[in-house]
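For reference, the structure discussed in these notes is given below.
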Amino acid sequence: MHDLAGGPFNVNSVKQLREVLYEQLALTPVRKTKTGFSTDARTLESLRGQHPIVEVLLRYREVEKLRSTYGETLAAEVASDGRIHATFRQTVARTGRLSSDRPNLHNIPVRTEEGRQLRRAFVPSPGHRLLVADYDQIELRVIAHLADDPGLIAAFAEERDIHRTTAARVFGVPAEEVTGPQRNRAKMVSYGLAYGMEAFGLAQRLGIVTAEAQEILDAYFRAFPSVRAHMEQTVNEARSKGYTETLFGRRRSLPDLHSPNRGLRMAAERQAMNAGIQGLAADLFKVALVRLDGALEEQALAARLVLQVHDEVLVEVPGDEEETVGALVAEVLSGVADAVGLAVPLKVSSAWGSTWADAKG
DNA sequence: TCTGTCACG
DNA sequence: ACGTACGTGACAGAC
C-alpha cells in the first residue's frame, strides 16, 4: 500500500486516505461527506481503473471489517458454556424490532462467501441440528395487507413469484416474458417502497437516469394504486395525530413531520411510511416467537429457540424431534397471519444444518 | 463524543 | 432547486 501511495500512511484513517487519493494521487472525487470527500466502498467502486491502489483498498476494507468486527472480537464473546449470550433489547428500535448488542448477532456476515464462513462457528449442542426458518418477503406482504391492494393480495394468494408478477404489470409484458433485469428492477422498487424511496434513489441503485426511474415508479403505482394511496394516507394521518400506529397499537412519535426544516420533514415522512410496515412485521414475528416458545414448552419438547434475526429464527433441535419441530415452527410462524386476519398468507422457508452456514435453502 | 464506514434485516 | 431508502451496532480515528 505504501508503494502504491508513494509513502507510508494509516489506511484506517479516512483523513489520511483522502489526502492520498484526492491530493497525492489526484483521483477524481465523486461524493462528499460533512467533512470532505467520501472514500466509502461505493465511491471506490467508481474509482476503479483510475489507479491500482483502489482495488487493494477495497480488498483491505473487506478483510479488515471481518477481522476487526467479527474474527477476534466475536471469539472473545464466547462464555464458559461455549455459547455467546447477546443482549436482546426490546426498547431501542423505534419500529418495535429487537436490537442485539454485546455482541450484535443481527449482523453476522452472509453476503460474501468469505464472511459467511464465520457462521460455521455457530453450532448446536452434540446430537442436535439447527433449524433456520424465515419469512419470505414479509414486509411486502404487510404492505399488501395494509394497502389492501387487490393485485398484490391476489399475487400472494396464488403464491406466484411476486417480483416476476410485479415486473409483468410494471413493464406490461406477460409474466413468462419478464427478463432478469426487469425482475431485478421490480424487486428493487418493491423493497424501496417500504422505505419511501423516490425516483432519484431508485435511479442511483439501478444505475439509470432519474427520468427512467420515475417512469418505473409511475408504472408501479398505476399497477398497484392502493399502495400509493396507503402511503399518502399514512403520512397524513401521522401528521394530524403526531404519531403512527401499527395494528397492534405500537405508536411512533414523529414530531419532525411539522419541522420547518425540509430535510428533517421529508425524513420523518419516510419514517412514517416505514414505521407501520417494519413495525407490523416486527409485531407479527414477536407474537410468533412467544407462541413458538410456548408450544415447545407445552409439548415438552427439548428443542430451544437460540436466536432471532428480524424475520428469521434459529432453533436447536435434538435428532428425535426434527420432524415434529420442523412442522411446528412452520405452522406457528405462518399461523400468526390468521391471528390478526392478515389478507395474505405468510410463507415460511426452512432449512437444516449442522452449522448456521450450512442451513441455507 | 462525533464521524465515517460497513455488517445485517 | 432542493435532498434524495427504513431500522440497527461495532470499530477506528479525529477532536
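All figures in this text were calculated on a predicted structure; none of them were measured in a lab. The figures here come from the full heavy-atom set of this structure, side chains too, leaving out hydrogens, waters and symmetry mates. Every chain is numbered from 1 and lettered A, B, ... according to where its sequence line falls, protein lines coming before strand lines.
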Minimum heavy-atom distance [X]-[Y], with the two atoms named:
X	Y	value
A:Ser226	A:Asp148	OG-O, 4.0 Å
A:Ala213	A:Leu202	O-CD2, 3.8 Å
A:Leu254	A:Ala268	CD1-O, 4.0 Å

Exercise. Show your reasoning for whether side-chain contact (heavy atoms from CB on, under 4.5 Å) applies to A:Leu57 and A:Leu17.
Key: CA-CA 10 Å; A:Leu57 275 170; A:Leu17 185 57; 3.7 Å; yes

Separation of [N] [atom2] from [X] [atom1] (nearest whole Å):
X	N	atom1	atom2	answer
A:His310	C:dC6	NE2	P	16 Å
A:Leu140	C:dA5	CG	C1'	15 Å
A:Glu198	C:dC2	CD	P	14 Å
A:Met231	C:dC6	CE	P	13 Å
A:Phe285	C:dG7	CZ	C1'	15 Å
A:Lys286	C:dG7	NZ	C1'	13 Å
A:Arg262	C:dA1	CZ	C1'	8 Å
A:Asn274	C:dT4	CG	P	17 Å

Practice problem: Classify the angle between the aromatic ring planes of A:Tyr22 and A:Phe37 as parallel (below 30°), tilted (30 to 60°) or perpendicular (above 60°). | Solution: perpendicular

Exercise. Output the residues of residues 180-195 of chain A in contact with DNA chain C, where contact means a heavy atom of the residue under 4.0 Å from an atom of the strand; sort by number or write none.
Key: A:Met188, A:Tyr191, A:Gly192, A:Tyr195

Quiz item: Which residues, if any, of residues 216-230 of chain A bring a heavy atom under 4.0 Å of DNA chain C?
Solution: none

Quiz item: Can we say A:Arg42 and A:Glu45 salt-bridge, meaning some charged N sits less than 4.0 Å from an Asp/Glu carboxylate O?
Solution: no

Quiz item: Are the charged groups of A:Asp358 and A:Arg119 less than 4.0 angstrom apart, N to O?
Solution: no

Quiz item: If you count the non-hydrogen atoms of other residues, nucleotides and ligands that lie under 6.0 Å from CZ in A:Arg102, is the total more than 12?
Solution: no

Exercise. For nucleotides C:dT4 and B:dT5, find the distance between their P atoms and express it as a whole number of Å.
Key: 15 Å

Quiz item: Side-chain N or O of A:Gln16 less than 4.0 angstrom from OP1 or OP2 on C:dA14?
Solution: yes

Quiz item: DNA chain C: stems of at least 3 consecutive Watson-Crick or G-U pairs, cut-off 3.5 Å?
Solution: B:1-9 with C:6-14

Practice problem: For A:Gln214, check side-chain hydrogen bond (donor to acceptor under 3.5 Å, both in side chains) against everything at least two apart and list the hits. | Solution: A:Asp218

Practice problem: Tell me, please, which residues at least two apart from A:Asp161 pass side-chain hydrogen bond (donor to acceptor under 3.5 Å, both in side chains). | Solution: A:Arg183

Quiz item: Quick one: on DNA chain C, does A:Phe200 or A:Gln271 contact a more 5' nucleotide (nearest heavy atom)?
Solution: A:Phe200

Quiz item: Should A:Arg59 and A:Glu62 be marked as a side-chain contact (heavy atoms from CB on, under 4.5 Å) after you check the CA-CA gap, both sets of side-chain angles, and the distance that decides it?
Solution: CA-CA 5 Å; A:Arg59 177 62 184 152; A:Glu62 191 177 2; 3.5 Å; yes

Quiz item: For DNA chain B, what residues of residues 233-255 of chain A have any heavy atom nearer than 4.0 Å?
Solution: none

Exercise. Scan residues 24-41 of chain A against DNA chain B and write down, sorted by residue number, each residue with any heavy atom closer than 4.0 Å; if none is found, say none.
Key: A:Thr33, A:Lys34, A:Thr35, A:Ser38, A:Thr39, A:Asp40, A:Ala41

Practice problem: For side-chain hydrogen bond (donor to acceptor under 3.5 Å, both in side chains), just list the numbers for A:Ser125 and A:Arg83, CA-CA rounded to whole Å, side-chain angles, deciding distance to a tenth of an Å, and then say yes or no. | Solution: CA-CA 10 Å; A:Ser125 297; A:Arg83 293 170 186 262; 3.0 Å; yes

Quiz item: Is the backbone N or O of A:Ala76 less than 3.5 Å from a side-chain atom of A:Thr73, with the two atoms forming a donor-acceptor pair by type?
Solution: no

Practice problem: Apply ring pair (Phe, Tyr, Trp, His ring centres under 6.0 Å) to A:Phe221 and list each qualifying residue two or more places apart in sequence or on a separate chain. | Solution: none

Quiz item: Under the criterion side chain to side chain contact (heavy atoms under 4.5 Å, CB included), which of A:Arg251, A:Glu237, A:Arg252 is the partner of A:Glu245?
Solution: A:Arg251

Exercise. With A:Thr39 as reference, evaluate A:Lys15, A:Arg61, A:Arg18 under the side-chain hydrogen bond (donor to acceptor under 3.5 Å, both in side chains) test and give the passing residue.
Key: A:Arg61

Practice problem: Run the numbers on A:Val11 and A:Val20 for side-chain contact (heavy atoms from CB on, under 4.5 Å), then give the verdict. | Solution: CA-CA 10 Å; A:Val11 198; A:Val20 169; over 6 Å; no

Exercise. Check whether any side-chain heavy atom of A:Glu19 lies under 4.5 Å from a side-chain heavy atom of A:Phe9, and answer yes or no.
Key: no

Quiz item: Who else is in A:Leu105's hydrophobic cluster (ILVMFWY, side-chain heavy atoms under 4.5 Å, direct or via others)?
Solution: A:Leu66, A:Tyr70, A:Leu74, A:Val78, A:Ile84, A:Phe88, A:Leu98, A:Ile108, A:Leu118, A:Phe122, A:Leu130, A:Val132, A:Val306, A:Leu307, A:Val309, A:Leu314, A:Trp356

Quiz prompt | Polar side-chain contact A:Arg270-C:dC6 base: donor and acceptor under 3.5 Å | solution = no

Under 4.0 Å, heavy atoms only, any strand: does [X] hit a base, just the sugar-phosphate, or nothing?
X	answer
A:Glu139	nothing
A:Arg111	base
A:Met273	nothing

All N/O donor-acceptor pairs, side-chain side in residues 187-196 of chain A, below 3.5 Å, sequence neighbours left out:
unit_1: A:Ser190; atom_1: OG; unit_2: A:Ala186; atom_2: O; d: 3.0

Quiz item: Can A:His106 and A:Gln308 be counted as having a side-chain donor-acceptor contact under 3.5 angstrom?
Solution: yes

Quiz item: Can you tell me if A:Arg120 and A:Gln117 form a side-chain donor-acceptor pair at under 3.5 Å?
Solution: yes

Quick one: which protein N/O atoms are closer than 3.5 Å to N/O atoms of nucleotides 10-12 of chain C? Pair and distance per line, please.
unit_1: C:dA10; atom_1: OP1; unit_2: A:Arg102; atom_2: N; d: 2.8

Quiz item: Does anyone know the first and last nucleotide of DNA chain B in reach of chain A, 5' to 3', at under 4.0 angstrom to a heavy atom?
Solution: B:dT3 to B:dG9

